[in-house]
> 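Sharing a structure here in structure tokens format.
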Amino acid sequence: MIKTEDEYQQALAEIRALWDYESDTPDAERFSWLVDQVDAYEAEHWPIDLPSLEEAQRFRAEQEL
């Protein structure tokens, strides 16, 4: 589990290093685990709120133009 900003940055660096991993290898397992850990850390420290119904409708209408 990532607990600090330093651990977070280290995990991101390792993910970049493993980006072109081969499937079904220990590197692939490590990559997947790191991504899950980073995702959990980001969800805790920088949550993204869902838009309100009005915001979602406005966005959808803008996309149709």
Side-chain angles (χ1 to χ4, degrees):
M1 174 182 258
I2 298 172
K3 297 179 183 175
T4 67
E5 179 68 21
D6 285 340
E7 291 175 346
Y8 172 72
Q9 292 300 325
Q10 290 171 0
L12 290 176
E14 192 171 348
I15 286 170
R16 283 189 288 278
L18 294 171
W19 193 260
D20 294 321
Y21 66 89
E22 296 285 330
S23 298
D24 300 323
T25 66
D27 284 347
E29 291 178 27
R30 177 74 177 162
F31 180 87
S32 180
W33 182 83
L34 284 167
V35 168
D36 289 344
Q37 297 305 305
V38 164
D39 186 49
Y41 182 86
E42 289 175 347
E44 180 179 343
H45 290 87
W46 304 295
I48 298 174
D49 295 329
L50 293 174
S52 68
L53 178 59
E54 293 81 18
E55 291 170 326
Q57 288 173 332
R58 189 175 327 116
F59 176 80
R60 179 75 173 137
E62 290 171 0
Q63 297 300 308
E64 291 179 354
L65 295 177

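Side chains included, hydrogens not; waters and symmetry mates left out as well; all remaining heavy atoms used.
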> What's the shortest heavy-atom distance between H45 and P47, and which atoms?
C-CD, 3.5 Å
> Is it the case that over 12 heavy atoms from other parts of the model lie below 6.0 angstrom from the CD1 atom of I48?
no
> Can you list, pair by pair, the side-chain donor-acceptor contacts under 3.5 Å of residues 1-8, counting residues two or more places apart and other chains?
{"residue": "T4", "atom": "OG1", "partner": "E7", "partner atom": "N", "Å": "3.1"}
{"residue": "E5", "atom": "OE2", "partner": "Q9", "partner atom": "NE2", "Å": "2.8"}
{"residue": "E7", "atom": "OE1", "partner": "K3", "partner atom": "N", "Å": "2.6"}
{"residue": "E7", "atom": "OE1", "partner": "T4", "partner atom": "N", "Å": "3.3"}
{"residue": "Y8", "atom": "OH", "partner": "E42", "partner atom": "OE2", "Å": "2.5"}

> Does any pair with a residue in residues 18-35 pass side-chain hydrogen bond (donor to acceptor under 3.5 Å, both in side chains), and if so which ones, sequence neighbours excluded?
E14-R30
> Show me the donor-acceptor pairs within less than 3.5 Å that the side chains of residues 56-65 make with the rest of the protein, sequence neighbours left out.
none

> I'd like to know if L53 and L50 are part of one continuous hydrophobic network [Ile/Leu/Val/Met/Phe/Trp/Tyr, side-chain heavy atoms within less than 4.5 Å].
no
> In Å and rounded to the nearest 0.5 Å, what is the CG to CZ distance from L34 to R16?
11.5 Å
